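Okay, so here's the structure we're looking at.
A quick note: this is a predicted structure, and the numbers were derived from the prediction, not measured. Just so it is clear, the values below take in all heavy atoms, side chains as well, and ignore hydrogens, waters and symmetry mates. All residue numbers refer to positions in the sequence shown, counting from 1.
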Amino acid sequence: MAWRNHSTITEFILTELSDDPLIEALLFVLFLGIYLLTMTGNLTMLLVISADSHLHTPMYFFLSNLSFIDLCFSSVTVPKLLKDLLSEKKSISVEGCLAQVFFVFFSSGTEACLLSVMAYDRYAAICHPLLYSQVMRTEVCVRLVLVSWGVASLNASIIVLLAVNLDFCEAQTIHHYTCELPVLFPLSCSDISITIDVLLSASLLHGLGTFIPIFFSYARIVSTILSISSTTGRSKAFSTCSSHLTAVTLFFGSGFLCYLMPPSGSSLDLLLSLQYSAVTPMLNPLIYSLKNKDVKAAVNRTLRKHLL
């Protein structure tokens, strides 16, 4: 392990969410429920989209990738949190910490890219319906997903390289329930000014690089919807992107607050991080199923097919 080792630290101690064993037991039940709902909801979305030919369209192809990455995102942090809630010693090895840093940034980065791609898909469907089948061909959709995964991998690799080059002295306690690069900064005894600048630049570039296309896509979508004379037509057009807009608001709202605010270890900081990495992956399948007639119809068809 090449963690510039005149540092002898081999593990970090994670901050407990509560000093009260009863509250920790209740938190364990709460987050176990959240994790099981996340697994069930996203696996159901993957199964339904795969099994129902009516959903073999670009929008649901992207949604299946979003469900898969939500499974990964939740699994990066929540199982370790559940283990720590039942343990007296809440520690993580240096290698485990590095792995968690990489997969947190990889999962969140891929989700940001996918949400951006899905906004472009809605733009193409609403603003250029006659050209939609040509614009969003199968090979184009596959390339967009591969680029999303590739860009997120590159960004996460840069972040991990920043972590590898940090020196640590005596401090071992991370004031957080999981390993993320910003919470490691207070433990470093090396100059972190360049590291902070690179992290901020990479986060802003990735965040704005995925959010700006969403903003302009929806600007064009809103303009097109308002130009539709029929109230029914406007309602139908808006309903096709309302679920995505809700998911974007949840993800980017909490994400920007998490990574642009300095880490403090405060209750608000922990709450935002939990909402970002645990609650949002649970809500996405609910948002897309409850507000989407096609998904609800596909679920009913799949249930009838397997139960009859």
Side-chain angles (χ1 to χ4, degrees), residues 28-83 100 102-119 121-122 141-142 144-146 148-149 152-153 156 178 210 240-255 258 273-303 305-307:
F28 174 83
V29 173
L30 172 64
F31 287 113
L32 178 62
I34 288 173
Y35 187 61
L36 292 176
L37 283 173
T38 301
M39 295 294 107
T40 303
N42 285 290
L43 285 172
T44 300
M45 289 294 290
L46 286 169
L47 173 64
V48 169
I49 292 170
S50 173
D52 196 296
S53 59
H54 295 84
L55 301 184
H56 293 174
T57 63
M59 182 174 80
Y60 294 107
F61 172 68
F62 297 134
L63 181 55
S64 65
N65 277 272
L66 185 68
S67 292
F68 179 75
I69 206 65
D70 276 335
L71 286 173
C72 298
F73 198 4
S74 183
S75 297
V76 170
T77 56
V78 180
K80 180 69 172 73
L81 173 61
L82 291 172
K83 175 181 175 294
Q100 206 168 55
F102 175 84
F103 285 109
V104 163
F105 277 92
F106 171 72
S107 301
S108 59
T110 305
E111 182 149 348
C113 290
L114 287 173
L115 288 171
S116 187
V117 166
M118 292 170 77
D121 172 72
R122 293 299 82 208
C141 295
V142 171
L144 287 171
V145 168
L146 290 176
S148 297
W149 287 70
S153 296
T178 188
T210 51
T240 64
C241 54
S242 59
S243 297
H244 176 260
L245 192 56
T246 304
V248 166
T249 303
L250 276 173
F251 180 80
F252 280 93
S254 55
C258 275
S273 183
L274 285 166
Q275 190 271 317
Y276 180 61
S277 61
V279 179
T280 297
M282 176 192 70
L283 292 178
N284 279 342
L286 295 176
I287 291 168
Y288 279 98
S289 60
L290 294 177
K291 302 184 79 174
N292 191 304
K293 293 179 181 178
D294 291 337
V295 172
K296 286 191 282 188
V299 169
N300 290 331
R301 283 194 296 269
T302 303
L303 288 175
K305 180 179 177 181
H306 286 86
L307 292 177

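Here the CD-OG distance, from Gln100 to Ser107, works out to 10.5 Å after rounding to the nearest 0.5 Å. Cys113 SG to Leu146 CG: the interatomic distance, rounded to the nearest 0.5 Å, is 12.0 Å. Rounding to the nearest 0.5 angstrom, the gap separating the CZ atom in Phe61 from the OG atom in Ser50 is 12.0 Å. In this structure, OG on Ser153 lies 14.0 Å from CZ on Phe105, to the nearest 0.5 angstrom. Between the OG1 atom of Thr110 and the CD1 atom of Ile69 there is a distance of 4.0 Å, given to the nearest 0.5 Å. Interatomic distance, Leu245 CG to Met118 CE, rounded to the nearest 0.5 Å: 12.0 Å.
Between His244 and Tyr288, the shortest heavy-atom distance links the atoms CA-OH, 3.2 Å. Summarising the geometry of Ala152 relative to Gly109, their closest heavy-atom pair is CB-C, 3.6 Å, with the distance given to 0.1 Å.
The aromatic ring centroids of Phe73 and Phe106 lie 6.0 Å or more from each other.
Looking only at side-chain heavy atoms (C-beta outward), Thr210 and Leu115 stay at 4.5 Å or farther from each other. Using a 4.5 Å heavy-atom cutoff, the side chains of Leu63 and Leu55 are not in contact.
Here the side chain of Ser64 pairs no donor or acceptor atom with the backbone of Leu46 at under 3.5 angstrom. A donor-acceptor contact shorter than 3.5 Å is absent between the side chain of Glu111 and the backbone of Leu66. With hydrogens and angles disregarded, no donor-acceptor distance shorter than 3.5 Å links the side chain of Asp52 to the backbone of Val48. A distance-only check finds no donor-acceptor pair linking the side chain of His54 to the backbone of Ile49 [under 3.5 Å].
Here the rule is side chain to side chain contact (heavy atoms under 4.5 Å, CB included) with Leu274, and of Thr178, Leu81, Val279 only Leu81 fits it. Of the candidates Thr38, Leu36, Leu37, Thr38 is the only one forming a side chain to side chain contact (heavy atoms under 4.5 Å, CB included) with Ile34.
Qualifying side chain to side chain contact (heavy atoms under 4.5 Å, CB included) partners for Val117, counting only residues two or more places apart in sequence or in other chains: Phe62, Leu144, Ser148.
Residue pairs meeting the side-chain hydrogen bond (donor to acceptor under 3.5 Å, both in side chains) criterion with at least one member in residues 67-77, sequence neighbours excluded, are Tyr35-Ser75, Asp70-Asn284.
Residue Phe68 places its CZ atom among 12 or fewer non-hydrogen atoms of other residues, nucleotides or ligands, all under 6.0 Å distant.
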